[in-house]
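A quick write-up on the structure given underneath.
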Amino acid sequence: MQRKAETQTIVRKKDNFSEWYSEILKRAKILDIRYPVKGVYVWYPYGYKVRNLVYGILRSLMDKEHEEVLFPLLIPKDELMKEKEHIKGFEDEVFWVTKGGSTELDIPLALRPTSETAIYPVFKVWIRSHRDLPLRIYQIVNTFRYETRHTRPLIRLREITSFKEAHTAHATRADAEEQVKKAVALYKSFFDQLAVPYVITRRPEWDKFPGAEYSIAFDTLMPDGRTMQIGTIHLLGESFARTFDIKYEDENGSLQFVNQTCYGISERCVASVIAIHGDDHGLVLPPTVAPIQVVIVPIVFSRKAGISNNGVESVSVEKACVAVYDELNEAGIRAFVDNSEDRPGAKYYRWEMKGVPLRIEIGPRDLKSNNCEFVRRDNTKRTHVPLSDVVPEVKRTLEGIQGDIHEAAKETLHANIYKNKSEDKMEMEELRRKAEHGIVSLFLCDRERCGQELEDQLGVSVLGKAVAVYEAEEKDKSEGECMICSRKAKRVYVARAY
RNA sequence: GGGGUUGUAGGGUAGCUUGGUCUAUCCUUCGGCGUUCGGGACGCCGAGACCUGAGUUCAAAUCUCAGCAACCCCA
């Protein structure tokens, strides 16, 4: 009986995160990586349910102030090439459709790497007057990028299957900047609901979105000590409006260019949930996005009617399970009764792998005392709960799990942000070590040369200046000397990045 | 971008050096039957693969080339 336990243990997350990650995707049935095209993968039904719950949260946040649309996948070459800065950032990664059947196309069609150049020509047509503004739309679509670096499921893809991109147009720059702030707040709320902690930075000039005035990014910390960008927000200003000639007539009857923003989130948000909360037994899903929030496991001795244990018939165990299921279902909780023929132990392992936040066991022993047993996925704590209190207790427990895993994740992130003091002339070698397993906050001036120099010396990427993440950071207006050139500098975050 | 390694059932392996009666093995795979059932049960029976294409050859899992894919190292 114990023989298997050893061999079935997966690679430990701490020892080899990369292997652990692909193992989990496979075993928890999130993604099938066996599709024979580089960098594209198949969502399993279970994984797709998680994805849809995650994007359901995002949708409901977006829908408050944006309208959902759907633009075409194909972009004609001349439109794609219009914005020079923009295309510079993407041209090496574009997939092209050059033939229709065996006929060479006059104008090659690009598979969208992102949709600015598909959407903005249409904005030109849609926007006529100040009354059309602000215009706020979003879509959730697949995008294609010919990645040459090592691809990774959900993280670096050639087909991003779930790109939520929002595009807004405003009358004034102030309005557009206001929208950037709203988008930051919206993304905060989104990642908070996923229990995924983040740092928010303003990307350095040399690393902003091609065509943007500035870019703000959300990064989270992965278990291998690298940061991963999980959301970006860009102030486009008038650059695209000038390129695509998007103008509106203001109250005085004169034509003005619109001010734009755009912001996006991809399925990396799903990857972050998996990577951050999972453990050596598998997935640990936040209740907000768990396809099954509660799994009910009947403990029965035989399916044959009439056979009893402790004087309790199996049939009544099953009935009790269904009764609990009905109550939960009615209360809007996603529950499931595992009636399969497997032994209870096998069921425990399976649902732990799939990250179900709460397991309820009901057996003859419990039934005699009118109880059931709760087992939390995150901390394996077991409690006895009267059958009459199941619904409120489940609600309380799920909230507890959601809060606890969020707190734990925040603590991990905090514990791995190392703040280098201005007067602390720490050796580069030591900073490099700090950056091995987290984020380093240090003083660096705005010049690209210094940024590149530091990136080379430390083997890191500059994430940028912290933007209002936690109260403490917001108030940190301290200045120091640039690590490289000793000029006046502000704090930036640096880390090894995905 | 450069270099290297690899591709055999759902997963893991062996076989390749030296082509032949080449398929085999294990499992946490799948199916059937039975006994089991409070932390991955067991028995029996059965299923399932040589990455794709071209070439060499009487003969290719094995040799050659190309493609595709995966992994590793360096930039």
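Just so it is clear: chains get the letters A, B, ... in the order the sequence lines come, proteins before strands, and each one is counted from 1. Side chains are part of it too, since the values below use all heavy atoms of this structure and drop only hydrogens, waters and symmetry mates.
Closest contact between the side chain of A/Lys38 and the listed nucleotides B/G10, B/G1, B/A69 involves B/A69.
Distance A/Glu318 CD to B/C37 C1': 12 Å, rounded to the nearest Å. Following rounding to the nearest Å, A/Arg343 (CZ) and B/C42 (P) show an atom-to-atom distance of 8 Å. A/Tyr35 has its OH atom 11 Å from the P atom of B/A69, to the nearest Å. If you measure from atom CG of A/Asp342 to atom P of B/U28, you get 13 Å, rounded to the nearest angstrom. Put simply, CZ on A/Arg350 is 13 Å from C1' on B/U28, counting in whole angstrom units. To the nearest angstrom, P of B/G32 lies 11 Å from CD of A/Glu341. Separating the CD1 atom of A/Ile33 from the P atom of B/G10 is a distance of 15 Å, rounded to the nearest angstrom. The interatomic distance linking A/Arg152 (CZ) with B/A69 (P) rounds to 18 Å, in whole Å.
Aromatic ring centroids of A/Tyr35 and A/Tyr41 lie 6.0 Å or more apart.
Pair assignment for B/A9 gives none, since no Watson-Crick or G-U wobble pairing has each distance under 3.5 Å.
The aromatic ring of A/Tyr349 is stacked on the base of B/G40, with the two ring centres less than 5.5 Å apart and the planes inclined by under 30°.
Taking all atoms of both residues into account, the shortest heavy-atom contact from A/Met228 to A/Ala271 is CE-CB, 4.2 Å.
Between A/Leu431 and A/Gln457 the shortest side-chain heavy-atom distance does not fall below 4.5 Å.
Counted by atom type alone, A/Thr114 and A/Glu116 present one or more donor-acceptor pairs between their side chains at under 3.5 Å.
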